[in-house]
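A short write-up of the structure that comes next.
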Amino acid sequence: MANEKQKQDTRQNPIRTPLNRRSVVEPRGGMGKMLRNPLGTRQGVSTLKLVLMYSIIGMGLGWLLPIIIRAIQPEMSEDNAQYYGMIGAIVITLLFLVVSLLKGLILRRRTQQENSETKQPNSQFSDTKKPVN
């Protein structure tokens, strides 16, 4: 009986408690932490830009490579040139994308290692230790 009255009070109360607010915002099962937006970071935006850039390059290669293949081998049928051109565009684009992403990871790891090695201890706290009275 008391629980029913408490539920009615919290529904009608315009000021929500943190517990009520959390139950409204988070989905069931406590998945709130897993639903963070990965594009909210510089790394996520940079990765998105790389993927978009290479997808545009891939579309351009998918259009251009069959023309080049037909110019080099005029006896090849148009369907075969289209097929090999598209396969070539996909492979070239994926190679460039993987190399770019790996390069970014390597540079990020090196930067983190250099920052951790050169980080100086806070002189304000490490130089002078005052006894507590």
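Only this structure's heavy atoms are used, side chains among them; waters, hydrogens and symmetry mates stay out.
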Item checked: Gap between atom CG of Leu97 and atom OG1 of Thr47 - 0.5 Å precision -> 9.0 Å
Margin query: Given Val91, which partner from the list Leu95, Thr93, Leu94 fulfils the side-chain contact (heavy atoms from CB on, under 4.5 Å) test?
Written below: Leu95
Notebook entry, point to check: Does one hydrophobic cluster hold both Leu102 and Ile92, with members joined at side-chain heavy-atom distances below 4.5 Å?
Noted result: no
Notebook entry, point to check: For Ala89 and Gly62, which heavy atoms make the closest approach, and how far apart are they?
Noted result: CB-N, 3.5 Å
Check: Distance from Asn80 atom CG to Glu78 atom CD, nearest 0.5 Å?
Finding: 10.5 Å
Check: For the side chain of Arg70 and the backbone of Met76, is there at least one donor-acceptor N/O pair under 3.5 Å apart?
Finding: yes
Check: To the nearest 0.5 Å, what is the distance between CG (Leu61) and CZ (Phe96)?
Finding: 8.0 Å
Checklist line | Leu65 vs Ile87 side-chain heavy atoms within contact, under 4.5 Å | finding: no
Checklist line | Interatomic spacing from CG in Leu48 to CE in Met53 - rounded to 0.5 Å | finding: 11.5 Å
Next item on the list: Rounded to the nearest 0.5 Å, what's the gap from CD1 on Ile57 to CG on Leu52? Could you check?
Entry: 11.5 Å
Note to self: Donor-acceptor check, side chain of Ser116 to backbone of Gln113, threshold 3.5 angstrom: yes or no?
What the structure shows: yes
Item checked: Gap between atom NZ of Lys103 and atom CG of Leu50 - 0.5 Å precision -> 9.0 Å
